[in-house]
Structure formats: C-alpha cells, structure tokens
2 protein chains.
Amino acid sequence: MLPEDIKETFITYLKDKAHRITNERFLILDASLNMDEHFDADELYLKMKNDYINVSRATVYKTLELMSECHILTKHNFKGDRTRYETKIGRNPHYHIICVKCNKIIEYEYPELEKIQKKICKDNNLEMVDHSIQVFAKCKDPKNCKNNLNQNNLN
Amino acid sequence: MLPEDIKETFITYLKDKAHRITNERFLILDASLNMDEHFDADELYLKMKNDYINVSRATVYKTLELMSECHILTKHNFKGDRTRYETKIGRNPHYHIICVKCNKIIEYEYPELEKIQKKICKDNNLEMVDHSIQVFAKCKDPKNCKNNLNQNNLN
DNA sequence: TTCAGTGCAAAAACTTTGCAGGAGG
DNA sequence: CCTCCTGCAAAGTTTTTGCACTGAA
C-alpha cells in the first residue's frame, strides 16, 4: 500500500464517521508511518516535537486511537504497561515472542494462523478485524539475553 | 490440579526465590482461584474487602505479579486499559476473541496452536512459558452485540 | 456560521513506592 | 535479630477530560 493510499484510507474512514479532515491528523499519520517499530503515544509526541512538528499530546492520543479503529495501526500491550502501536501497512500478519527476562521481541509470521482465526470467528458469527498475539518465553542463551537486560526497550 | 497442589506450587516458587511465606499471599491466592473469570487487581481487592478479608491494595498488586511469575495466573490486556488476570489452573490453553463493539469475550481452544508456538520458540532458541492471544472481531448479529453494549464488562 | 478539533492544564485511572511497624526465617 | 512483608498514603505514570479558542465544512 502506497502512502497516498493509506492517506486515502484514513480520509475515507474520517468522512464515513463524520470526523473532520485536519492537518494535525495527517501530521500524526505521517509521523506514525515513519516510526521504525512499535511505539507509544508519548514517544511519537516527543519525536514530533523534536522534529518541530507541534501537536498536543491529547491530539496524538486521540489520533492514534482513530488510526487503530480504521486498521492502519494495531494496538498492543506487550508487558502490561503502556499501549504500543504498530503499523499494519505493508506488513504480513505477524506475532510477537517476548523474552520475559530481557524484553527482547521476536516477530514471526505464520499464515496458517490467520486462516484459523478467521474460521473460528466465522463459526462464532463474528467478523475478524485484527489481532494482538504475544507469546512469552525465555532466551535459552544467557549471553543473548543479558545483552538486552535493563534496557527497558520494547521497540 | 487440586487446590492443595496449587498452594504447593506457590510455596515452592516462593522458597525458590527466597520470598517469604505469608498469610496474605495465601489469602490472595485463594481469592484469585475463586474469581469466576478474568479480573483485575482492584476488583479482587474490593471482592476480598467485601468478604471481610483485609489486605492492602499494594499487597494485592504485588502478589498477583508473583502468581503470574510462577504461572498460576496469566496476565492479559484486552483493551489496553487495566491489566487483567486469569487462572491457568485446570484450564487448557485458550485464546480470546473480543468484540470491538460490545467487548464480549469468546474463548476458544486450538491445541495445535500451542504446538506451533512451542516449535517457533524452540527454533529461535527460546523456551516458551506463556501466551496472551487476542483476536479482535465484530459481532455479526446486532441483537447479540447490543445486549452487551455499554456494560464495560470484560469478564 | 456552526460545531468538532485542538492545545493546554488539570483530573482521572491505574500502579508503584517510601516509610514505619510487624512478622517470617 | 535481621530482613522482608505489609498497610497506608503519597507519588508516579499513562491517559482522558474540560474549557476556551480555532478552523473545517
């Protein structure tokens, strides 16, 4: 999906919900798509501030929620702390393995799983719209694990 | 697993980590196991208070964390709000489908999935310890969905 | 022109922490 | 007896809200 198409998706959603088309919303959309990995509202706010793009924290929170509602972003809670977001655009469905010792996140794809989920939803008279899957594990290699310890880094 | 065995699991864990065996910890263990479904720290605290079991909020938070570390409970974040817990004891691994409109939660089991997860962890030199899987969907039947609307009930 | 969106600060919601007293090992 | 645990309140974090102003439709 091209950036223009994403913008179009967002505009279509906003119009559909009778939300207004504002410059702030596009600034936040652009900034989100430029984030490398998972990010939270405050990180995005600070990144934008650092780039001299001034929008308020409240607007960032609200806009991320809108983008998650129209499936441009997925919401995650990897460790029960802050809500983190991730762009779905240009990515296959994937899942997260989180080391409970060092917080390292490994992503994996398993296309079959998406089919299973959709089937189960259908069987229950539901229409699947998204997912957030976390598998918790421990690094077996202590060296790899220690390297990431104390970073408190979930990106 | 019998209640006594769960208690034994908890004691073994506490001893192993050089944590103390206290009455409060057992009171919270018992109360957790008596919660019907998913619950958060404050709900458990209030339930216990209502049953004239007086432990502090701080102790509830800390003990739930301990119980989750030793895999008696699983931690979830269904909607990015509060941390919710769920007893693993006496239950098969299962997954949650959450209706984004009415917050209803449907649980499903899919034994194959557990095997896939373990394999992927192993392939990445990780040892799987737990998982929290949320599939977001929409109720297709508006009547069913509306019944649950505005309850703000994640149990 | 109208009313939703924005920015700011204040409040709310959830969780952790500091400290004094009490209890486990 | 030495710590760790507990309870309480206070503080910390993350997110939401109220209000006056601005700008999209």
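Side chains included, hydrogens not; waters and symmetry mates left out as well; all remaining heavy atoms used. Within every chain, numbering begins at 1; the chains are lettered A, B, ... in the order of the sequence lines, protein sequences first and strands thereafter.
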query = More than 12 non-hydrogen atoms from neighbouring residues, nucleotides or ligands closer than 6.0 Å to NZ on B:K140, yes or no?
reply = yes
ask   = Which part of the nucleic acid does B:N54 contact within heavy-atom distance under 4.0 Å: base, sugar-phosphate only, or nothing?
value = sugar-phosphate
query = Would you say A:T83 reaches D:dT15's phosphate, i.e. side-chain N/O to OP1/OP2 under 4.0 Å?
reply = yes
Gap between atoms CG and P, on A:D81 and D:dG12 respectively (whole Å) = 18 Å
task = Would you mind telling me which of D:dG7, C:dG7, D:dT15 lies closest to the side-chain atoms of A:R82?
result = D:dT15
message = Using whole Å, what does the distance between atom P of nucleotide D:dT6 and atom CZ of B:F26 come to?
response = 11 Å
ask   = Is it true that a side-chain atom of B:D40 and a backbone atom of B:D42 form a donor plus acceptor pair closer than 3.5 Å?
value = yes
query = Does A:E69 come within less than 4.0 Å of A:K17, counting only side-chain N to carboxylate O?
reply = no
inquiry  = What is the distance, to the nearest angstrom, from the NZ atom on B:K17 to the P atom on D:dC5?
reply    = 13 Å
ask   = If only side-chain N and O atoms of A:T22 are considered, is one of them under 4.0 Å from the OP1 or OP2 phosphate oxygen of D:dG23?
value = no
inquiry  = Can you confirm whether more than 12 heavy atoms, excluding those of B:K88, are under 6.0 Å from its NZ atom?
reply    = yes
ask   = Where the side chain of B:Y61 is defined as all heavy atoms beyond and including C-beta, which of C:dT6, D:dT15, C:dT15 is the nearest nucleotide?
value = C:dT15
message = Measuring to OP1 and OP2 of C:dT6, would you say a side-chain N or O of A:S56 lies under 4.0 angstrom away?
response = no
query = Separation of B:I21 atom CD1 from D:dT6 atom P, in whole Å?
reply = 11 Å
request  = Write down the distance between NZ (B:K75) and P (C:dT15), rounded to a whole number of angstrom.
outcome  = 9 Å
request  = Please state how far atom CZ in B:R57 lies from atom C1' in C:dT17, giving the value in whole angstrom units.
outcome  = 15 Å
ask   = Rounded to the Å, how far apart are A:K62 NZ and C:dA4 P?
value = 12 Å
request  = Look at B:R20 and D:dT3 and indicate whether a side-chain polar atom (N or O) is within less than 4.0 Å of OP1 or OP2.
outcome  = no
message = Closest-nucleotide mapping onto DNA chain D: is B:A18 or B:A58 further toward the 5' terminus? I mean the 5' end.
response = B:A18
message = Below 30° counts as parallel, above 60° as perpendicular, anything between as tilted: where do the rings of A:H76 and A:H96 land?
response = perpendicular
query = Quick one: on DNA chain C, does B:H19 or B:A41 contact a more 5' nucleotide (nearest heavy atom)?
reply = B:A41
task = Report yes if a side-chain nitrogen or oxygen of A:R25 is closer than 4.0 Å to either non-bridging phosphate oxygen (OP1 or OP2) of D:dA24; otherwise report no.
result = no
task = Measure the distance from OH on A:Y45 to P on D:dT13 and round it to the nearest whole Å.
result = 17 Å
